[in-house]
Amino acid sequence: DGGITQSPKYLFRKEGQNVTLSCEQNLNHDAMYWYRQDPGQGLRLIYYSQIVNDFQKGDIAEGYSVSREKKESFPLTVTSAQKNPTAFYLCASSIPGSLEAFFGQGTRLTVV
Amino acid sequence: RKEVEQDPGPFNVPEGATVAFNCTYSNSASQSFFWYRQDCRKEPKLLMSVYSSGNEDGRFTAQLNRASQYISLLIRDSKLSDSATYLCVVNRNNNDMRFGAGTRLTVKP
């Protein structure tokens with residue numbers, strides 16, 4: 001079955017450590033996105049990528065980094081520079097043309 | 001000012017009621033528009049696209065007003081299962097999607 005897979009579903013890290021969240025899709029979508037959602041709030045764009053080896057900063061890119069070496073994969077690294085990393089992280093990809101987005105099930109990151 | 005703004009609610013309505021949500025966007029170059037539904041602690045899922053001519057899908061009707069830069073969603077004959085957060089999504093022409101903060105709906109028996 002085609003879809004977007006995020007792993008892990010829950011992640012705990014100590015303060016000061018970098019952590020990488022995985023996002024893989026087999027939908028052959030060109031565009032991929034990372035969003036952050038805090039309790040009771042909407043989604044805020046961290047980074048997005050329209051094609052392989054290219055990505056742009058969203059509204060809250062500080063403290064995060066991404067790579068897009070393969071079409072299927074768009075990993076997000078939460079660095080120690082991110083001041084408040086505890087959140088629900090959602091990865092999405094979109095269909096060229098229609099721009100409808102499909103989401104992974106998300107990763108809940110808790111930094112203690 | 002946020003690029004996409006929604007009334008956060010919550011909207012608490014009885015079963016069978018009609019409820020409407022509005023969403024405004026600030027970027028006049030926005031190309032496509034969507035409503036997504038998000039259940040508690042789950043990922044958002046597409047509810048419907050929004051077209052300039054307006055579109056309907058069963059009990060749901062979406063409208064777009066480009067001149068005033070707002071999008072609306074009307075839900076008729078509300079069901080308990082409609083309880084969720086409804087997210088307005090605006091897409092610029094470069095695959096840059098922006099989400100509203102969402103409107104929370106609770107349908108009560």
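Reminder, nothing fancy here: chain letters follow the sequence lines and each chain counts from 1.
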Contact class of B/Arg41 relative to chain A, heavy atoms under 4.5 angstrom: both
Using heavy-atom distances under 4.5 Å, tell me whether A/Gln6 contacts chain B through its side chain, its backbone, both, or neither. neither
Select one option (side chain, backbone, both, neither) describing which atoms of A/Leu90 are under 4.5 Å from chain B's heavy atoms. side chain
Measure up the B/Tyr36 and A/Phe103 rings against each other and bin them: parallel (under 30°), tilted (30 to 60°), perpendicular (over 60°). perpendicular
Any residue of residues 55-66 of chain B which, by heavy atoms, sits under 4.5 Å from chain A: none
Listed by residue number, which members of residues 105-112 of chain A have a heavy atom under 4.5 Å from any heavy atom of chain B? A/Gln105, A/Arg108
Under the side chain to side chain contact (heavy atoms under 4.5 Å, CB included) test, residues paired with B/Thr103 that sit two or more places apart: B/Gln6, B/Phe11, B/Phe21
Are the side chains of A/Tyr89 and A/Trp34 in contact, using a 4.5 Å heavy-atom criterion? yes
Relative to the ring of B/Phe99, is the ring of A/Tyr35 parallel (under 30°), tilted (30 to 60°) or perpendicular (over 60°)? perpendicular
Side-chain donor-acceptor pair under 3.5 Å between A/Tyr64 and A/Thr77, yes or no? no
Write out, in numerical order, the residues from residues 7-19 of chain A with a heavy atom short of 4.5 Å from a heavy atom in chain B. none
Do A/Phe74 and A/Phe55 make the cut of ring centroids closer than 6.0 angstrom? no
List the steps, then state whether salt bridge (Lys or Arg N to Asp or Glu O under 4.0 Å) holds for B/Lys45 with B/Asp39. CA-CA 9 Å; B/Lys45 294 186 178 177; B/Asp39 293 298; over 6 Å; no
Note, A/Arg44 side chain near A/Asp38 side chain (heavy atom, < 4.5 Å): yes
Student check: side-chain heavy atoms of A/Gln37 and B/Gln38 closer than 4.5 Å: yes
Closest non-hydrogen atom pair, B/Cys23 against B/Val4: SG-CG1, 3.4 Å
Residue pair B/Gln31 / B/Asn91, side-chain heavy-atom distance below 4.5 Å: no
Using side-chain heavy atoms (C-beta onward) and a distance below 4.5 Å, is B/Glu15 in contact with B/Leu80? yes
Examine the side chains of A/Glu24 and A/Ser73 and answer whether a donor and an acceptor come within less than 3.5 Å of each other. yes
In terms of heavy-atom contacts, A/Pro75 and A/Thr20 come closest through CB-CG2, 3.9 Å
